[in-house]
Amino acid sequence: MSMTPGGPADGPEYLDGSGPTQTAPDNDNKKRMIAVGAIVAGGAVIAGGAWAATSFFATGAQPAEALPASTVAYLSVDLDPSGGQKIEAIKTLRKFPGFTDKVDLQTDDDLRERFFEEVTSSGECEGLDYDADVKPWLGSRAAMAVVDLGEDEPTPVGVVQTTDSGKAEDGLSALVDACGGGEAAGGDVGGWVVDGDWIVVAETPEIAQQVVDAADGSTLAGNASFEEWTGEAGDDGFMSMYVGKGVTKYLDELGGMGGMGGMGMMGMPGAATGEDENWFAEEPPSEEVPEELQQMIDDFDGMAATVRFDDGAVEVEYAMSNYQPDMTKFIDSQNGADMVAGLPDDTVAAFGMSLEEGWAGAMLDYVKRNLPDESATIDEQLAQFESETGLAFPEDVETLLGEGVTVSLGSGLDPDAVANGGPGEVPVGIRIDGDADEIQAVLDKIAAQAGPEMAEYMQVTEGDGYAVLALQDGYRGELEGGGSLGDSAAYSEVVESDEAQSLLFVNFNADDDWLVRLTGDSPEVSKNLEPLSAFGLSGWVDDDVVHGLLKVTTD
């Protein structure tokens, strides 16, 4: 085990963690350093999804084994996931002409070599040979992570698999020298430690060693929370993401739970938007965190996601702790999903969800608790709104959407007819699980404010046990009659029908390949859309866990 020579870091931006801002190197040197970092990653992060197709056999060791249990966020790329995914990935990706033209990936290609050639094609890293200097030691797995080492800010690190630790030392040194990052060039690519089958990369070799020491006997792979959440996210894939409860320690710097969305790829290094920006804000927000938001932070217990190929489809499955149980309890029925399954068979796209009594009032209370200084203003604005419109909030809103609602698009979409004929030519409609007369009474109040031109589109009819609204008379009749969309192959292949409580469904093959037809004026775009079959996004709550599955199938 050894380390590279260390020193004050002018390291690559993606390794810049909590240290002070450094003077940026000149552009040529910076290019060389970026090339070094890219080659060290060894094709683990390859543009366009090409990296998704170099796997076939069992999962094997993962980067989580080289990281400490105190890791709070993790993004890994596995170029050797469980059996069959290499074949599935290549079969799927090669259906798209844009991918084949630009990548032309074959089953026996070494993507690491392809990526190496791309990185060095500009003439950087002269004299470096892939077969001699890179291939003998570079493994198939890599990760970027955020580790709690007891500092005020978390530490960003990278982990790369190696097949030969001895050759890795020589290979990494060759990379640094050939790509202009060595001492002679005045460059610095951070530091690393080779530890068994893994290379830990950090801002300095000392930090890399701290990570290795912290992982000794207590790894992320053996952490109960990591095992729980990655297990909830389903079968292994070629990419995995994890955020642990420990991330809440740093949410003051990130601006509360909303800051989780500002962490780039699940809080991974490189999320800064400017060259000299620190990854985290230099100063935490000065405002006090509202009690409701603080409770959400306290209740957050972790999340994970997996990306994989399966039977000609790509899917993203995620699971996260239900840190908003007071809100999710209003949408945890399968009524909305059942309503989508009962739509006409030729439905092009549909969204459906359930709403239980009290949801609108709960949402209003939630907003007011999180904006305590605005609570009085919100009440005043609602009172004025009710006075001017005659609508009662939240009662009328809950009546309007009932106990479940679907919004759907039927077949026969003709852009020219819409342009010339107006909204009445659009086959879009709404079905509501509610009392039609009560819904009509609310709509009459809205129509009085909207004007006579909109009133004709606000007439409720009944059919198949639901209240129906539609812009087009023909489509209204279809919605009144219902159907069996849920029995179709396109639907069942992308929707988690046994679990879904809310869902979004799109059938690209419906209505004479509607998307290809609508993009016919752009042949290149149309050809790359043609392989798409269906899209589904299913969501459900199971006790303390919120689940989701996004799936796209191809023909």
Quiz item: Is the Y74 ring parallel, tilted or perpendicular to the F226 ring (thresholds 30°, 60°)?
Solution: perpendicular
Quiz item: Any side-chain heavy atom of E315 within less than 4.5 Å of one from T306?
Solution: no
Quiz item: What distance separates D543 CG from N322 CG, expressed to the nearest 0.5 Å?
Solution: 9.5 Å
Quiz item: Going by atom types alone, do Y242 and T71 pair a side-chain donor with an acceptor below 3.5 Å?
Solution: no
Quiz item: Going by atom types only, do D78 and Q62 share a side-chain donor-acceptor pair under 3.5 Å?
Solution: yes
Quiz item: Any donor and acceptor pair, going by atom type alone, linking the side chain of R431 with main-chain N or O of L469 inside 3.5 Å?
Solution: no
Quiz item: Could you state the interatomic distance from CZ (F96) to CD (E530), rounded to the nearest 0.5 Å?
Solution: 10.5 Å
Exercise. Could you verify whether a donor N or O on one side chain and an acceptor N or O on the other, from S333 and E356, lie under 3.5 Å apart?
Key: no
Quiz item: Taking S225 for the side chain and G244 for the main chain, is one N or O donor matched with an acceptor at less than 3.5 Å?
Solution: no
Quiz item: Within a strict 4.5 Å, meaning less than it, do heavy atoms of the L518 and P415 side chains meet?
Solution: yes
Quiz item: Between E398 (side chain) and W359 (backbone), is there a donor-acceptor pair under 3.5 Å?
Solution: yes
Quiz item: Are the aromatic rings of F385 and F393 close, with centres under 6.0 Å apart?
Solution: no
Self-check item: A470 backbone acceptor or donor facing R476 side chain under 3.5 Å
Solution: yes
Quiz item: Side chain of E403, backbone of D433: donor and acceptor closer than 3.5 Å?
Solution: no
Practice problem: Give, for atom CE of M339 and atom CG of L503, the distance between the pair rounded to the nearest 0.5 Å. | Solution: 11.0 Å
Quiz item: How close do V460 and A467 get, heavy atom to heavy atom, and via which atoms?
Solution: CG1-CB, 3.7 Å
Self-check item: Straight-line distance of S533 OG to D555 CG, nearest 0.5 Å
Solution: 4.5 Å
Quiz item: Measuring from K95:NZ to T92:OG1, what's the distance to the nearest 0.5 Å?
Solution: 5.5 Å
Quiz item: Are a donor atom and an acceptor atom from the side chains of N528 and E524 found within less than 3.5 Å of each other?
Solution: no
Quiz item: Would you find a donor on one side and an acceptor on the other, under 3.5 Å apart, between the side chain of T519 and the backbone of L515?
Solution: yes
Self-check item: Contact check, side chains of I378 and L364, non-hydrogen atoms, under 4.5 Å
Solution: yes
Quiz item: Heavy-atom distance under 4.5 Å between the side chains of D365 and R369, does that happen here?
Solution: yes
Quiz item: What heavy-atom pair brings E456 and Q459 nearest, and what distance separates the two atoms?
Solution: O-CG, 3.9 Å
Quiz item: Do we see a donor-acceptor contact under 3.5 Å between the side chains of Q384 and E388?
Solution: yes
Quiz prompt | Sequence neighbours excluded - salt bridge (charged side-chain N to carboxylate O under 4.0 Å, His left out) pairs with any residue from residues 338-349 | solution = none
Quiz item: Could you walk me through whether S354 and I331 pass the side-chain contact (heavy atoms from CB on, under 4.5 Å) check?
Solution: CA-CA 5 Å; S354 304; I331 57 171; 5.6 Å; no
Quiz prompt | Pair R308 + E317: basic N to acidic O under 4.0 Å | solution = yes
Self-check item: Crowding at CG, D544 (>12 non-hydrogen neighbours, <6.0 Å)
Solution: no
Quiz item: Is a salt bridge present between K445 and D396, judged by a nitrogen-to-oxygen distance below 4.0 Å?
Solution: yes
Quiz item: Taking it one step at a time, do V307 and F238 satisfy side-chain contact (heavy atoms from CB on, under 4.5 Å)?
Solution: CA-CA 6 Å; V307 184; F238 59 81; 3.5 Å; yes
Practice problem: Would you give the length of the straight line joining atom CD of E478 to atom OG of S408, rounded to the nearest 0.5 angstrom? | Solution: 9.5 Å
Practice problem: Can you see which heavy atom on P394 is nearest to which on A360, and at what distance? | Solution: CB-CB, 3.4 Å
Practice problem: Flag the pair Y366 / Q324 as yes when at least one side-chain heavy-atom distance between them is below 4.5 Å, and no otherwise. | Solution: yes
Self-check item: Under 3.5 Å: donor-acceptor pair, side chain of S76, backbone of A142
Solution: no
Quiz item: Taking only residues at least two apart or on different chains, which pairs with a member in residues 492-520 satisfy salt bridge (charged side-chain N to carboxylate O under 4.0 Å, His left out)?
Solution: D511-R517
Quiz item: Between the side chain of Q472 and the main-chain N/O of V428, is any donor-acceptor distance below 3.5 Å?
Solution: no
Quiz item: Tell me, do F300 and V243 make a side-chain contact under 4.5 Å, heavy atoms counted?
Solution: yes
Exercise. Check whether any side-chain N or O of T347 sits under 3.5 Å from a backbone N or O of A349 as a donor-acceptor pair, and report yes or no.
Key: no
Exercise. List the steps, then state whether side-chain contact (heavy atoms from CB on, under 4.5 Å) holds for L549 with L537.
Key: CA-CA 6 Å; L549 178 65; L537 177 59; over 6 Å; no
Quiz item: How about D521: does its CG atom have over 12 heavy atoms from other parts shown lying under 6.0 Å from it?
Solution: no
Quiz prompt | Ring centre gap for F535 and F505 strictly below 6.0 Å | solution = no
Practice problem: List the atom of A450, the atom of M458, and the distance in Å for their closest heavy-atom pair. | Solution: CB-CE, 4.2 Å
Quiz item: How far apart are the C-alpha atoms of E374 and T377, what are their side-chain angles, what is the distance that settles it, and do they pass the side-chain contact (heavy atoms from CB on, under 4.5 Å) test?
Solution: CA-CA 5 Å; E374 303 295 328; T377 301; 4.1 Å; yes
Quiz item: Do V405 and Y466 come within less than 4.5 Å of each other through their side chains, counting heavy atoms only?
Solution: no
Exercise. Answer yes or no: is there a side-chain heavy-atom contact under 4.5 Å between V348 and L413?
Key: no
Quiz prompt | Nearest non-hydrogen partners of L479 and P344, listed with the distance | solution = CD2-CD, 4.0 Å
Quiz item: Okay, side chain of W229, backbone of S321: is any donor-acceptor separation there less than 3.5 Å?
Solution: no
Quiz item: Going by the angle between their ring planes, with limits at 30° and 60°, are W540 and H547 parallel, tilted or perpendicular?
Solution: parallel
Practice problem: Answer yes or no: does atom CE of M363 have more than 12 heavy-atom neighbours from other residues, nucleotides or ligands under 6.0 Å? | Solution: no
Quiz prompt | Closest non-hydrogen atom pair between M241 and L75, with its separation | solution = CG-CD1, 3.2 Å
